[in-house]
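As structure tokens, the structure follows; a few thoughts come after it.
Proteins come first, then strands; the chains are lettered A, B, ... in the order of their sequence lines, and each starts at number 1.
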Amino acid sequence: MFDREKLKEIARRREEWEKGTLKQALDKLGFKREDVAKQVYTPLDIENFDYTRDLGFPGEYPYTRGHQPTAVPGTIGLDDRIRYSGYGTPEDTREHYKYLVSRGFNAPSIAFDLPTQLGYDSDHPLAEGEVGKAGVALDTLRDMEVIFEAFKDIPFDWMRPNFTINAPTAVILSMYIALAERQGVPLNRLYGTTQNDILKEYTVRGNYIFPPEPSLKLVADTIVYCSHNMPGWNVMSICGYHYAEAGATGPQELAFMFSDALAYAEVAIKAGLEPDEFLPRFSFLGGCGPHFFREIAKFRAARRIWAKIVKQRFKANDPRSYLLRMPAGNARYTFTLQKPLNNIVRGTYQGMASLLGGTMGGGNSTPYDEALGLFTEISRRVADDTPRILILEGKMGEVLDPLAGSYYVEALTNEIEQETWSMIEKVDSLGGAVKAIEKGFMQQEIARSAYQYQKEVESGERTIVGANKYQVEEEEEIKAMEFDPTVKERQLKNLAKVKKERNNRLVESTLKQMRKAAEGRENIMPPTLEAVKAYATIGEICGVLREVFGEYVAPGFI
Amino acid sequence: MARRERIRVLIAKPGLDGHDRGAKVIAYGLRNAGMEVIYTGLHQTAEQILATAAQEDVDVIGLSILSGAHLSLTGKVMNLLKERGMQDKLVLVGGVIPKDDIPKLKELGVAEVFRPGTSMKMIMDFIRNKV
């Protein structure tokens, strides 16, 4: 795209500038050339830039400029998403959601407590102290019914709930299906997401139950089931976000996310599906870190890389198979405990990067008291208004991919793409994501990056305003939400009531069917649906699966 | 003063919390500072933690908790510690801990609580001064 002769002239002029204007300025300031990192980008940094090859148009291969050809007009997406939340008992969460629905939000994003995420009932010994803390306590279908009472005026085929659930995805998905069936909504009219991304649990999130092989079998079951029955459902949200939170660099985040996606695609294909039967329902979750321009470039590179992967490795025909549908949340690890109002600024500039980088629903922001606990009304309002201001006042969403053509951003996009490919190749050479996880490769890479980050913070090389620089002595601490000590007692009462009122013989028979299906490696969804409808508990269902599949024990510390 | 050449530290993840970035970073840091570090991995019960602490004959037990269950989990560990006569071990807690809970943890016998913003150096210095 750049004329060779013109490039030579620019190179000549750059050298003159370095030796003349720049050197004079540096001399005056008392700096040497080596003290100053690269600050100026020119066409020379993207010599081989080819618009149609590298960028193309939004909504078309290679999707660098965006996965959709048009920005959604109006305020859609700015008004209706309930922030990821959930706490206490289902009744507590229902009231919380009811309040938010009255404020105009209608799409639940449910956080489940740790016992639920790990397939334990609220009365399990290991649930001690954890019931209703990291999210809502859920034991049976009854609990899901209670939560969804908050949305009784919203038709099921209109809602797009998000369930952050991984190991017991089949259980939670079955509960939602059971509710939909009661409403008479056909399965092919259900839209929403189950995170269902077990591989990242082994590496960076820790909420795994079974070993990788049976876990991937369960994932395949859900993909097959949804591909046949729920074509509108995002059967997985493959996450790069948590890799970044654990310390991964941008290229590591993308490479590990894509490697996990490839592993899931592999099991789906082994289960007999064609790529176009499942790729359109793979969604992703990214994170937006602190380096403003690198993050924008990272999102552009991510779309291009996935498109190339789908073309090269799957040769998909359906254009929807190529889309990297990926919202990006703020990097919560950057949100400080100290001087928390500063987190509003972090939420804002990271929201801007998400938006300018073209991520889905760009501009999301995290409440400023994130480091302390579940958000308050005030902190939620500021976070909700942030993307509204960026888009409606700042007009930052009006033009797609506005930084395209910037020498800097295009150079960064190329650089991040190259680094990501290198890392994908490394994982490939180890035999793919599952083998890499077994060997501890991803875990080691991330731990090293996290350690490097911490060393930079402690040496002062990396500034965190308010935490390692510009600190204040005494600070009035913002009150986190008080935890209600009666939660466990109330949930145990709920659980006891369900167990008393249900048909225990039916439960037993459905659990027998679960065991049979698990042992026979049949699709786990149909028997799970039956068990859930009989009000079997998540602990009972996962207990059977634990007996059949065993539990994962992480390799010793690397 | 250290009883032996190298201070031995157990970094433990009690309960169901899966966030281990901090635990691993601290483990690396202490190891690079010359301490012997054992990391338990995730989903540890109090029994498992104390069994490892006894087996490895550690000087320090560091509990990393970011799930909000710090009071109940720490309480379990401290009770078991007393039962087994292992109170000579220095117990530290790190994680997402509200300010108001720090005195409660100390009442349980925790020597110090390290919240977000703590440096590896702070922990190293504290251990060196106390062991």
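- Proximity to chain B involves both the backbone and the side chain of Pro115(A), based on heavy atoms less than 4.5 angstrom apart.
- There is no contact between Lys13(B) and chain A, counting heavy-atom distances below 4.5 Å.
- Of the listed residues Gly117(B), Ser72(B), Ser119(B), Gly75(B), the one with more heavy-atom pairs under 4.5 angstrom with chain A than any other is Ser119(B).
- Contact of the Asn32(B) side chain with the Tyr451(A) side chain is registered, since non-hydrogen atoms from C-beta on lie closer than 4.5 Å.
- Residue Phe483(A): no heavy atom, backbone or side chain, is found under 4.5 Å from chain B.
- A distance-only check finds no donor-acceptor pair linking the side chain of Glu130(A) to the backbone of Ala69(B) [under 3.5 Å].
- When each of Ile464(A), Asn207(A), Leu118(A) is checked for heavy-atom pairs under 4.5 Å with chain B, Leu118(A) comes out on top.
- Between Pro116(B) and Thr336(A), the closest side-chain pair of non-hydrogen atoms is not below 4.5 Å.
- Between the side chain of Arg21(B) and the backbone N or O of Glu245(A), at least one donor-acceptor pair lies under 3.5 Å.
- Contact annotation for Asp100(B): only side-chain heavy atoms (C-beta onward) come within less than 4.5 Å of a heavy atom of chain A.
- Among Ile97(B), Leu42(B), Leu71(B), the residue making the largest number of heavy-atom pairs under 4.5 Å with chain A is Leu42(B).
- Here the side chains of His19(B) and Arg205(A) are not in contact, with every heavy-atom distance at 4.5 Å or above.
- Only the side chain of Gln338(A) has a heavy atom closer than 4.5 Å to any heavy atom of chain B.
- Centroid-to-centroid, the aromatic rings of Tyr552(A) and His43(B) stay 6.0 Å apart or farther.
- Residue Leu16(B) holds its CG atom at 11.0 Å from CD of Glu128(A), rounded to the nearest 0.5 Å.
- Counted within 6.0 Å of NZ on Lys82(B), heavy atoms from surrounding residues, nucleotides or ligands total more than 12; the atom is thus considered enclosed.
- Highest contact tally toward chain B, considering only Ala127(A), Pro125(A), Ala450(A), is held by Ala450(A) [criterion: heavy-atom pairs under 4.5 Å].
- The CD atom of Glu458(A) sits 8.0 Å away from atom CE of Met122(B), with the distance rounded to the nearest 0.5 Å.
- Contact of Thr74(B) with chain A is not made at all, since no heavy-atom distance falls under 4.5 Å.
- Put simply, of Val25(B), Thr45(B), Asp20(B), Leu66(B), the one with the most heavy-atom pairs under 4.5 Å next to chain A is Val25(B).
- Atom CD of Gln454(A) is separated from atom OH of Tyr28(B) by 14.0 Å, given to the nearest 0.5 angstrom.
- In this structure, no portion of Gln471(A) lies under 4.5 Å from any heavy atom of chain B.
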